[in-house]
Every structure is written in C-alpha cells, then in structure tokens.
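In this text, all values refer to a predicted model and were calculated from it rather than measured experimentally. The sequence lines fix the lettering, A, B, ..., with proteins before strands; numbering per chain opens at 1.
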2 protein chains.
Amino acid sequence: MYCYEYPHPAVTTDVVVFSIRNDRLELLLIKRASEPYQSHWALPGGFVDIDEDLNACALRELEEETGITGVYLEQLCTVGAPDRDPRERVISVVYFALLSEDKLEARAASDAAAVAWFSARDYPRLAFDHNMIVQKAHHRLAAKLSYSTIALQFMPRRFTLSQLQRVYELILGEELDKRNFRKRILSMDCLKEDGGLLNGGKHRPAKLYQAKQPDRVDFVR
Amino acid sequence: MYCYEYPHPAVTTDVVVFSIRNDRLELLLIKRASEPYQSHWALPGGFVDIDEDLNACALRELEEETGITGVYLEQLCTVGAPDRDPRERVISVVYFALLSEDKLEARAASDAAAVAWFSARDYPRLAFDHNMIVQKAHHRLAAKLSYSTIALQFMPRRFTLSQLQRVYELILGEELDKRNFRKRILSMDCLKEDGGLLNGGKHRPAKLYQAKQPDRVDFVR
DNA sequence: GCAAAAGTGTTCTAGGTACACCCATGT
DNA sequence: ACATGGGTGTACCTAGAACACTTTTGC
C-alpha cells in the first residue's frame, strides 16, 4: 500500500497510433480485457510507473500491448475530466505515434486481449473519451502535413514520390496535383535520390528516394 | 491518509502568464514561500484537487496566488521527468494564459509570498524546469501570432490599431510596416470599429476598435 | 501496340513586401 | 507654426494553383 496525506490521481499515457495500410490511414486499437468498458475498443496505454518518464511509459505500453517499437512519438494533450474513468480519478497524457509499414510488418506480436487496425475514417465507438482524442490527433496530423516533414514518418526507408504523394492524399482526403506536389516536396530539401528504381507494374519504373534525416521532423515553409 | 495499491504521482498545473506592460512582453512569477526552491521565482500553480478539472485547477491556482481572473487559457504541454521535484514524483500540466492590461489593473490582489512581473526576455533562473517551460510558451505564443487572432487576448476592450501593432512587434521582436499590418489585420475580419476616437497626445486622434469575438481565438490564413 | 503510371515546365493569380505623403490634433 | 503619431494606395515580386504531353515498362 502506498499512502499520501492528500488524494492523488492515477496517471496514464495513451497513444494514438497511425499508419498507412491498405491504401488508407489506419489506427491501432486494442480490445479491453477488463472493466471498465470491458471488450470495448480503446487506445493502447496504461499507468505511468512511479520512476518512469512520460514518453518512456507511452513507448513501453505500446510495446507491451501491441509489440510495436521504433515509432515517431509526439505529445498531443492531457485529458483529466474528473469523471472520465469510473474507477478513480485518472489523468491521461496522450501521445500520437506514426509508424511506417515496414516497421509494422517486423513487429506484429502482442500481449493484449486483441489488437486490430481500423480505418481512421471509420472506427467503432471507443472506451472513455478516446473518440474525442482520436479526432484531435487526426486533426493535428493533417495540420502538421502542411508545415513539417512529418509525413516521412509513414514511409519505409526507400520509397517513390508517388507513394509519398499518396500518403498526403490519404491523410488530407483530397487528390493533389503530381507536378506541384513534386516541386514542393523537392524544394523542401528533405529527400535524397536513392539511386535505385522500383519496377512496380506494367509501367515506367519509379526512382526511389530516402529521407535525408529519417529520425527528424523538420518545420518547413 | 489516502492509500493506493500502486504508487501514484502528484499532479499539478502550472501557468505561464503573459501580458503587455511597460511597452514590453511580461511574465508573471511568484516567489516560492517554502522548500523546495524556497525563495526562488517560479510559475504560479499547484496541486490538482481530486475532483477538479485540469483547467479549473489552473484558473483556481492563478486566482489564489495572484488574484488574476478572466484570462485566456490554453494547454501547452505536460512535463513529468521523474526527478523534476525532489519531494515526490510530480507531473505538471502546463498552461499558458494571456491577459489584457485592463483586467490586470482590476485584480491586483495576491495571497502568495510575492508576485511580480518580469520582462519575458530577461527573467531570473526559475525553480524546477520552469525556465524550459517559459521558453516553450514564448515560442508557441510567437508562432500563434501568425496564424490566429491570439494577440487580441492582450488587448483591452477598446484599442487602436497602433496599439495592436505594437503588441505584435513586442512579441515578435521586430518592427512591422504600418500599412501592411493594417491591411492584414483588417482582412482577417476580426475587428469592428468602435466609433470612438482616442485623443492621446499632440497628434491626430486614433479610431478605436473592438474584437468582434473577444472570447474566441480563431485560426486565420 | 496498348495500357498504365512515371516524369517534366509554363502560365496565371493572389498574397506579401516595399515604400512616401497628407491629416488632425496639442502645444 | 510645428511636432507628433494617425491614416491611406500602388508597384513589385514570389509562391501556389492550374494545366497536358512524352517516357518507359509489362503484358
């Protein structure tokens, strides 16, 4: 037992994990194994250890519950309405994480009840206030596309400009002009030609590119 | 005594309060009355009550420690390095608040040890990780000037365009062109002419304006 | 040879920047 | 009358938007 002179809230981290899969923006959810909201879908997350940094907690819970590591992580907001969890007062520090499909393939293990990907435009009613949180995360993601290199976090090490354009289109929900897109991306000076070509289908092969700084998100424009 | 099966961190809110005073951007700090960091300057803030919403806590602590109410409040980030407070694990939800000078005059009471305003460009070494937090808040404030109507939160009910321009200049730290500034602000469609004039000094009186929606911060551009 | 995506430039438009003079008041 | 800040318009420039055809491959 751990006792305090004044009541203390519990603190959790939750993570909104996005990836591009099946030609759409998808969202990783877990099925809750226990009450409250048993068998409801929810964001992965859990309680902060008493000596654990907040983002370390987010990464640990993500790995424990979904097997996923090596993501880009960014703090989104902190929610703490007094009645958001029926058990006790819980304050949740929310992160959003972005994941490229190659990292996704490599680590598909899980120790949670159930883990599944959902379309970010069509997902079930979630536990707690998680629907509102996902909306907020989606909004932030779309906003950051226009003034940062954040979309590169969705890309595998090598990719074509058309693949990158498709990522933009899926997140923004609108088609973009190919020539203007290439002009703009290349002027950001965040990509380098890989030298390789991708022989995809019955058409001209596409040049492969890599991010100059795959682990950084830079502000541009 | 309040006891839990697992250890719980303490949760606080801290508030970075900015205002425009003495023709500069200033910052409200309190002098800590007790350990740790006794008699160091720090951000106003304190522990979240167990049934209290987070922003309600920020507003309450602000009023208790500085007498200030009626501010614009926005969540900035949450910090929680395990060793940031020597007493116990403390996670702090940080807000920033903006205050117009007229609200400031009206409520100058205080129940804290000492309260004082400092230049946002020259303030002392603060308790905890508060220096880093203030930097972050200043940065966010400057960024939001360019894509929102946030600067209006610094203005009294009635103000002139020159006064508003001065606010922009003080925060950004650079002079702006008068004609371009007026064109841009008026094209945002966030101001209405008050009808009144301000007879300031030995020069032509200035038109007074009011914010169309004084309690909202809108995104523009 | 045909279907399919890759790759490539120019024109137009709008918004931002640079810039100088007259106006209304107080002293 | 003069000193002070208030108020106004235009020319230029740059970045974003619109837009169509040739290239290279697989089948």
Side-chain angles (χ1 to χ4, degrees), chain A residues 20 23 142-149 151 155-156 158-210 218-221, chain B residues 20 23 142-149 151 155-156 158-210 218-221:
Chain A
I20 304 289
D23 197 41
K144 284 201 106 164
L145 274 199
S146 64
Y147 62 87
S148 78
T149 61
M155 306 312 290
R158 316 167 79 205
F159 54 89
T160 69
L161 290 183
S162 294
Q163 289 166 350
L164 181 58
Q165 181 176 342
R166 190 71 190 136
V167 168
Y168 273 78
E169 290 175 339
L170 291 171
I171 297 170
L172 296 175
E174 59 176 343
E175 307 227 316
L176 301 175
D177 178 85
K178 201 201 313 188
R179 283 166 294 187
N180 291 338
F181 178 79
R182 284 162 188 244
K183 209 189 311 173
R184 197 178 112 217
I185 288 291
L186 294 175
S187 77
M188 285 179 185
D189 194 38
C190 58
L191 299 183
K192 59 184 176 201
E193 284 194 25
D194 172 79
L197 295 175
L198 179 65
N199 284 55
K202 48 180 179 176
H203 54 80
R204 176 172 174 177
K207 283 186 190 167
L208 285 165
Y209 288 81
Q210 295 182 25
D218 289 309
F219 293 84
V220 291
R221 202 184 303 193
Chain B
I20 304 288
D23 197 42
K144 284 201 106 164
L145 274 199
S146 63
Y147 62 86
S148 78
T149 60
M155 307 312 290
R158 315 167 80 204
F159 54 89
T160 70
L161 290 183
S162 292
Q163 289 166 350
L164 182 59
Q165 179 176 344
R166 191 70 189 136
V167 168
Y168 274 78
E169 291 175 339
L170 291 172
I171 298 170
L172 295 175
E174 58 175 345
E175 307 228 316
L176 301 175
D177 179 85
K178 201 202 307 187
R179 282 168 291 188
N180 293 339
F181 177 78
R182 286 162 186 242
K183 210 189 314 173
R184 198 177 110 219
I185 288 290
L186 294 175
S187 77
M188 286 180 184
D189 194 37
C190 58
L191 299 184
K192 58 182 178 206
E193 285 194 25
D194 172 79
L197 295 175
L198 179 66
N199 283 55
K202 47 180 179 177
H203 54 78
R204 178 172 171 177
K207 283 186 192 167
L208 285 164
Y209 289 81
Q210 295 182 24
D218 288 309
F219 294 85
V220 291
R221 203 185 300 193

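Nucleotide C/dT17 holds its C1' atom 16 Å from the CG atom of B/Leu172, rounded to whole Å. Residue A/Arg184 contributes atom CZ, which lies 12 Å from atom C1' of D/dA17 at whole-angstrom precision. Between the CG atom of B/Leu186 and the P atom of C/dG15 there is a distance of 15 Å, given to the nearest Å. The CG-P distance, from B/Leu198 to D/dG5, rounds to 13 Å in whole Å. Rounded to an integer number of Å, the gap from CG of B/Leu176 to P of D/dG7 is 17 Å. Note: CD1 (A/Ile185) to C1' (C/dG7) measures 16 Å, nearest angstrom. The distance between atom OH of A/Tyr209 and atom C1' of C/dA6, rounded to the nearest whole Å, is 10 Å. Look at CZ on B/Arg166: it is 16 Å from C1' on D/dG6, rounded to the nearest Å.
Mapped onto DNA chain D by nearest heavy atom, A/Asn180 and A/Pro205 fall at different nucleotides, with A/Asn180 at the one closer to the 5' end. Heavy-atom distances to DNA chain C give each of A/Lys178 and A/Lys202 a nearest nucleotide, and the one nearer the 5′ end belongs to A/Lys202.
Distances were taken from every side-chain heavy atom of B/Lys183 (C-beta onward) to each of C/dA18, D/dT25, D/dG5; the shortest belongs to C/dA18. Considering only side-chain atoms of B/His203, the nucleotide from C/dA6, C/dA24, C/dG9 that sits closest is C/dA24. Picking from D/dG6, D/dC19, C/dA20 the nucleotide with the shortest atom distance to the side chain of B/Arg179 gives C/dA20. When distances run from any side-chain atom of B/Lys207 to the nucleotides C/dG9, D/dT8, C/dA24, the shortest one goes to D/dT8.
Between B/Phe181 and B/Tyr168, the angle of the ring planes goes over 60°, which puts this pair in the perpendicular group of the 30/60° scheme.
Here B/Arg158 contributes atom CZ and B/Gln163 contributes atom CD; the two are 11.0 Å apart, rounded to the nearest 0.5 Å. Taken to the nearest 0.5 Å, the CG atom of A/Asp194 stands 10.5 Å off from the OH atom of A/Tyr209.
Looking at heavy-atom distances under 4.0 Å, B/Asp177 makes contact with a base.
Remark: the backbone N or O of B/Glu169 is not paired with any side-chain donor or acceptor of B/Glu174 at under 3.5 angstrom.
Residue-to-nucleotide contacts include no donor-acceptor pair under 3.5 Å from the side chain of A/Arg182 to the base of C/dA6.
Between the side chains of B/Ser162 and B/Arg182, at least one donor N or O lies within less than 3.5 Å of an accepting N or O.
OP1 or OP2 of C/dA6 has at least one side-chain nitrogen or oxygen of A/Ser162 nearer than 4.0 Å.
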